[in-house]
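Just so we're on the same page: letters track the sequence lines, and every chain starts at 1.
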Amino acid sequence: MQTVTRKKIEILADGPLMPRVVAALAEAGIHGHTVVPALSGSGRTGQWSEERLTGAETKQLLWSIASAERADALVQAIAPLLTSHRLLLAITDVEVVRGDRF
Amino acid sequence: MQTVTRKKIEILADGPLMPRVVAALAEAGIHGHTVVPALSGSGRTGQWSEERLTGAETKQLLWSIASAERADALVQAIAPLLTSHRLLLAITDVEVVRGDRF
Amino acid sequence: MQTVTRKKIEILADGPLMPRVVAALAEAGIHGHTVVPALSGSGRTGQWSEERLTGAETKQLLWSIASAERADALVQAIAPLLTSHRLLLAITDVEVVRGDRF
Amino acid sequence: MIADTLTSPIILFFILGLAAGFARSDLAIPEAIAKGLAIYLMAAIGLKGGVSVAESGYTADLGVSAAAGIALSFLLPLPAFWLLRSLGRLDRTNAAAVAAHYGSVSLVTFITANELLKGEGLLVPGYMAAVLALMETPAIIAGLALARRGRPQPAVATPGGGLLHEVFLNGSVVLLVGSFLIGLIAGKAGIAPVAPVFEVGYKGILCLFLLDMGLIAARRLLGTRALTMRLGALAISLPLINGVVGVLIGSMLGLDQPTAAMLGILTASASYIAVPAAMRLALPEADPGIYLSMSLGITFPFNIVVGIPLFAALARVLG
Amino acid sequence: MIADTLTSPIILFFILGLAAGFARSDLAIPEAIAKGLAIYLMAAIGLKGGVSVAESGYTADLGVSAAAGIALSFLLPLPAFWLLRSLGRLDRTNAAAVAAHYGSVSLVTFITANELLKGEGLLVPGYMAAVLALMETPAIIAGLALARRGRPQPAVATPGGGLLHEVFLNGSVVLLVGSFLIGLIAGKAGIAPVAPVFEVGYKGILCLFLLDMGLIAARRLLGTRALTMRLGALAISLPLINGVVGVLIGSMLGLDQPTAAMLGILTASASYIAVPAAMRLALPEADPGIYLSMSLGITFPFNIVVGIPLFAALARVLG
Amino acid sequence: MIADTLTSPIILFFILGLAAGFARSDLAIPEAIAKGLAIYLMAAIGLKGGVSVAESGYTADLGVSAAAGIALSFLLPLPAFWLLRSLGRLDRTNAAAVAAHYGSVSLVTFITANELLKGEGLLVPGYMAAVLALMETPAIIAGLALARRGRPQPAVATPGGGLLHEVFLNGSVVLLVGSFLIGLIAGKAGIAPVAPVFEVGYKGILCLFLLDMGLIAARRLLGTRALTMRLGALAISLPLINGVVGVLIGSMLGLDQPTAAMLGILTASASYIAVPAAMRLALPEADPGIYLSMSLGITFPFNIVVGIPLFAALARVLG
Ligand SMILES: Nc1ncnc2c1ncn2[C@@H]1O[C@H](COP(=O)(O)O)[C@@H](O)[C@H]1O
Ligand SMILES: Nc1ncnc2c1ncn2[C@@H]1O[C@H](COP(=O)(O)O)[C@@H](O)[C@H]1O
Ligand SMILES: Nc1ncnc2c1ncn2[C@@H]1O[C@H](COP(=O)(O)O)[C@@H](O)[C@H]1O
Ligand code: NA
Ligand code: NA
Ligand code: NA
């Protein structure tokens with residue numbers, strides 16, 4: 001089976017902000033994604049770990065495969081949120097099969 | 001220490017189907033993998049989130065590092081399952097140390 | 001918005017060893033990371049799954065974005081631990097925005 | 001009894017869950033807690049059943065109920081399959097998967113019915129917990145036979161072992177049957193030290209569990225794209241048909257009123273735990289959006305609010 | 001009462017949690033369990049409140065307390081905002097976010113106070129659970145108004161729906177109000193079958209929950225980099241000021257001693273569940289490190305150990 | 001007593017778990033729930049111990065038991081190490097890691113023994129919960145000394161702080177000792193309001209916990225590749241030897257029958273929570289597959305089913 005190259009988008013965001021991230025994906029025409037939980041982390045503003053009652057600071061990691069054009073559109077759409085909402089965005093080249101899905 | 005290039009395979013599948021995915025890995029000669037939970041997601045068939053009693057639709061993300069040949073063998077072995085079982089497969093180039101392990 | 005290339009480091013380690021991995025990151029000048037839980041896996045020493053009281057064998061996956069130089073420094077710093085502590089390390093090229101953060 | 005039902009805290013918590021789910025509140029019970037509550041309820045119901053059989057001994061009614069339950073679970077998928085293909089316009093695979101759900105049973109419907117009937121003075125014998133366990137799996141076998149009829153047995157050959165295994169050793173069957181046996185071996189006196197947790201706590205835990213079920217059912221309906229009007233109508237007709245058949249057969253076999261009512265309630269109920277997991281494995285081409293929306297999103301709430309009092313009333317008329 | 005407080009197992013478990021957290025022990029209660037305990041406590045407190053109103057009927061005191069609670073939640077963010085900007089040296093956004101936390105209330109402070117006051121013979125009327133629910137949200141609206149005053153309403157326009165939704169349908173409000181209504185509908189007799197779980201288990205569960213709160217508060221303080229001395233001092237002054245205002249107003253309005261004490265305790269308490277989630281959504285530029293460290297790391301322990309007995313004593317003096 | 005043991009629901013649930021695990025059923029208790037149950041059991045056992053010492057005061061027996069426990073935990077790893085190297089053919093690091101497990105103790109074995117002995121009319125004094133906590137850590141220190149003897153102290157120098165910390169502030173020690181102190185401070189009257197949760201619920205919760213332990217033990221055995229016949233035999237011989245030594249010493253020191261039995265059961269038990277976590281940190285080169293399979297897969301079930309009644313009988317003969 002033939003593989004083609006697509007983009008894998010990873011976005012790290014606080015749980016309560018995820019719906020807004022998903023809305024930005026939809027704006028860029030990306031309708032498939034999966035969210036994975038995070039346990040702990042550290043950065044410039046200190047460290048956190050999951051044992052928090054309030055989900056306000058618990059991060060989640062969004063994982064989405066999309067075409068290069070849509071990934072570009074997303075970078076533009078989400079840029080204003082990156083700093084104000086403290087998101088982390090990383091894009092990787094991946095090989096997939098059934099590339100027309102993305 | 002020297003790094004070499006290998007393939008990272010990511011497969012998204014429903015929990016109950018994971019054993020079958022692992023069997024396909026074994027067929028392709030890949031004996032190491034790790035599974036990570038997913039919380040929620042959306043795609044062409046609607047959205048889901050973890051608060052489901054039945055695990056029937058809860059996704060998991062399999063993560064495995066393997067040599068390029070074995071990754072190729074896996075793509076062939078798993079191709080028939082991809083559509084019928086609604087799997088998502090993505091392969092990335094990664095640098096690893098102790099490359100003979102994979 | 002412009003994207004630049006950085007390194008994404010993924011390290012798989014037993015939960016109790018994570019603080020030591022984080023210390024190695026700090027030695028290499030990397031101060032941001034996020035940890036994601038793992039559910040199950042298999043390798044040369046058999047298989048494991050999360051339903052273990054003792055966290056001694058439960059893996060976690062560390063995820064960090066850093067500059068190429070720091071990633072190199074980390075590979076050197078963590079090399080002695082890789083075999084003795086059974087860590088798995090994989091490094092990928094990723095595109096990020098606001099590259100000066102890393 | 002519907003009025004009584006609607007002021008029982010058990011049902012009110014279910015309705016609260018439904019309302020919060022439809023209003024898209026972010027109220028959520030963590031998955032681990034929901035599974036923990038389910039494990040508790042299964043152990044409690046199994047123990048109770050085992051102790052009650054240890055007290056009363058094996059009766060003829062037990063054998064009759066068990067045989068009737070197995071037969072109904074095995075046979076009811078057939079008319080359901082036919083209705084789902086003709087009226088529901090589903091393809092063979094999806095119709096078979098849904099039919100298996102309606103042949104099998106719902107643990108939570110059983111537990112809720114147990115409590116509501118008790119509130120009406122109808123004591124369901126404890127051995128019905130064993131009947132519940134026996135009814136879980138025949139429908140799965142029937143559903144798979146329907147799906148495969150006339151097909152050249154494709155990739156399915158390989159995972160056969162995995163499936164049989166899933167069917168007979170799935171967690172809820174093992175826990176129910178195991179706790180039943182523990183109750184049987186230990187008996188009333190042996191169980192006494194653990195009774196506070198398993199008997200006293202029971203109803204309160206059920207409230208929290210039904211709160212979660214309400215949330216899940218509402219979200220399932222909101223999140224689906226696969227449900228047509230025809231399928232929605234069938235998700236109400238199938239439990240009505242199956243439940244009436246169950247009560248009738250129970251009464252004809254001479255079971256007493258609460259037992260006949262419960263047999264009807266079990267046949268009316270549709271699985272949303274054991275069967276979906278088995279179907280995802282055995283018929284991965286079937287769409288979970290269809291079978292879960294029907295059984296969990298529509299049939300389950302229908303049975304909890306309307307079905308249970310209805311079949312109880314029918315059993316009373318016939319009894 | 002402080003001496004009594006310090007030998008109550010509830011408080012001792014909280015102190016154990018604080019100590020273990022500061023000693024960096026790896027003791028941890030899984031997040032799912034903590035959420036499960038919180039859901040249990042909210043359902044229990046709501047039910048209890050509803051049953052007590054079903055018993056006593058709607059009294060004038062209920063209306064007075066509710067109106068006072070709503071007004072205080074809406075107005076107290078204003079002086080807090082001013083203090084946070086001037087003494088605390090916070091920018092507008094962060095000051096508004098913190099002020100919203102101090103206007104709103106803490107469920108766990110309420111529950112703990114309920115038990116400690118009961119131990120002193122002060123019975124807080126059950127309807128205060130409803131007042132608690134009513135006081136959660138006005139402060140959020142006040143805080144957002146403060147943040148946006150004089151600003152051209154930027155990206156905030158879009159998520160308005162999401163926010164109102166978050167504010168009025170957030171899980172804890174829905175569960176509290178819902179359980180209150182269930183208690184009201186079912187009444188004392190209707191609730192009897194589920195009472196063992198929700199009444200008998202209550203205090204023991206609260207111990208485990210406060211153990212976790214102690215761990216969380218200590219770790220929050222150790223993990224932060226955002227807390228200045230000035231903010232630390234405000235995290236003690238604000239509950240003192242608000243609590244005194246609350247007790248005074250309660251007494252002036254003629255509420256009885258336990259009710260006035262509880263009104264003061266509620267106004268003194270600061271939210272760390274509902275408001276942080278709302279702020280993260282509505283004011284993402286505000287630093288969670290600031291508002292969580294203040295409300296959860298300092299104000300919460302202060303209220304549990306010092307505030308509750310203090311405001312109870314004040315109410316006694318005034319009562 | 002073995003016959004009694006085998007019809008106790010506590011043990012029957014353990015056997016159900018073992019059977020389901022070996023049959024590869026997918027029955028599973030979520031990790032968060034298992035941890036929650038463990039936290040509950042530790043708090044309950046600690047509270048109980050503290051209250052009982054508050055009642056009875058500090059007795060000579062308490063001091064004797066504590067001293068004996070600490071000495072045994074420190075010394076028993078030595079013969080174990082020697083057997084593991086010679087008969088077990090393990091290298092120094094792995095032998096030391098396993099020896100530390102057998103010197104330390106198992107909380108669940110303790111709790112189960114407590115209940116089973118009570119069923120036989122043997123009341124174990126509450127202070128043994130403190131002895132349990134004291135016995136957890138000396139073995140870790142002994143094991144590390146064995147591992148490092150004659151080695152140039154390599155990378156281990158660095159994490160020393162981390163290790164001491166792990167050893168003395170690990171969650172289970174902190175929770176046990178903390179709850180013990182809370183029981184001591186609050187006393188019987190102070191604990192009364194929380195007693196329903198911590199006393200009444202105890203045995204039922206233990207059933208669910210042992211169900212999970214059975215599943216874990218069975219899966220551990222099925223999933224391992226590191227266990228040889230020789231190591232399997234040692235996983236039965238070591239608890240036998242240690243347990244006999246413990247009962248003998250307890251009797252010689254004049255402890256009463258239940259206390260001597262429990263000292264033997266504690267020395268026979270092997271850790272699978274605190275020690276594995278410490279070893280993973282301090283001796284990462286040791287293979288967890290070896291020490292967990294032995295302590296959790298073999299010794300734990302052996303003690304639960306055979307060891308407890310055996311050492312109780314031995315204490316009776318000697319007592
Ligand atoms: N492009 C994508 N990227 C990441 N996850 C996806 C993507 N498409 C689908 N998924 C995941 O796969 C599930 C099923 O997708 P679908 O079969 O398209 O409904 C979704 O609920 C997501 O969790
Ligand atoms: N090639 C691999 N890809 C992903 N995870 C792996 C791989 N090899 C090992 N692992 C993980 O590391 C754990 C220990 O591996 P091992 O030391 O080979 O037994 C396994 O149980 C897996 O979770
Ligand atoms: N370079 C990084 N790689 C991975 N995760 C990061 C990185 N920087 C920050 N994070 C995550 O983002 C959170 C907030 O980061 P910060 O805003 O820098 O405090 C941290 O607690 C981490 O979970
Ligand atoms: Na049915
Ligand atoms: Na307040
Ligand atoms: Na021992």
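Contact annotation for Ile11(B): neither backbone nor side-chain heavy atoms come within less than 4.5 Å of a heavy atom of chain A.
Side-chain contact between Val36(A) and Val36(B) is present, with at least one heavy-atom pair separated by less than 4.5 Å.
Contact count against chain A (heavy-atom pairs under 4.5 Å) is highest for Ile91(B) among Ile91(B), Leu89(B), Leu12(B).
Contact detail for Val94(A) and Ala90(B): the closest heavy-atom pair is CB-CB, 4.1 Å. Residues Pro37(A) and Pro37(B) approach most closely at CD-O, 3.3 Å, considering heavy atoms.
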- Task: Step by step, work out the side-chain contact (heavy atoms from CB on, under 4.5 Å) result for Val97(A) and Val75(B).
- Result: CA-CA 8 Å; Val97(A) 287; Val75(B) 170; 3.9 Å; yes
Listing needed: what donor-acceptor pairs below 3.5 Å join chain A with chain B?
from	atom 1	to	atom 2	distance (Å)
Met1(A)	N	Gln76(B)	OE1	2.7
Lys8(A)	NZ	Glu10(B)	OE1	2.6
Lys8(A)	NZ	Glu10(B)	OE2	3.2
His31(A)	O	Ser42(B)	OG	3.3
His33(A)	N	Ser42(B)	O	3.0
His33(A)	O	Ser42(B)	N	3.0
His33(A)	ND1	Ser42(B)	OG	3.3
Val35(A)	N	Ser40(B)	O	2.7
Val35(A)	O	Leu39(B)	N	2.6
Trp63(A)	NE1	Glu10(B)	OE2	3.2
Glu95(A)	N	Ile91(B)	O	2.7
Glu95(A)	O	Ile91(B)	N	2.8
Glu95(A)	OE2	Lys7(B)	NZ	3.2
Arg98(A)	NH2	Leu87(B)	O	3.2

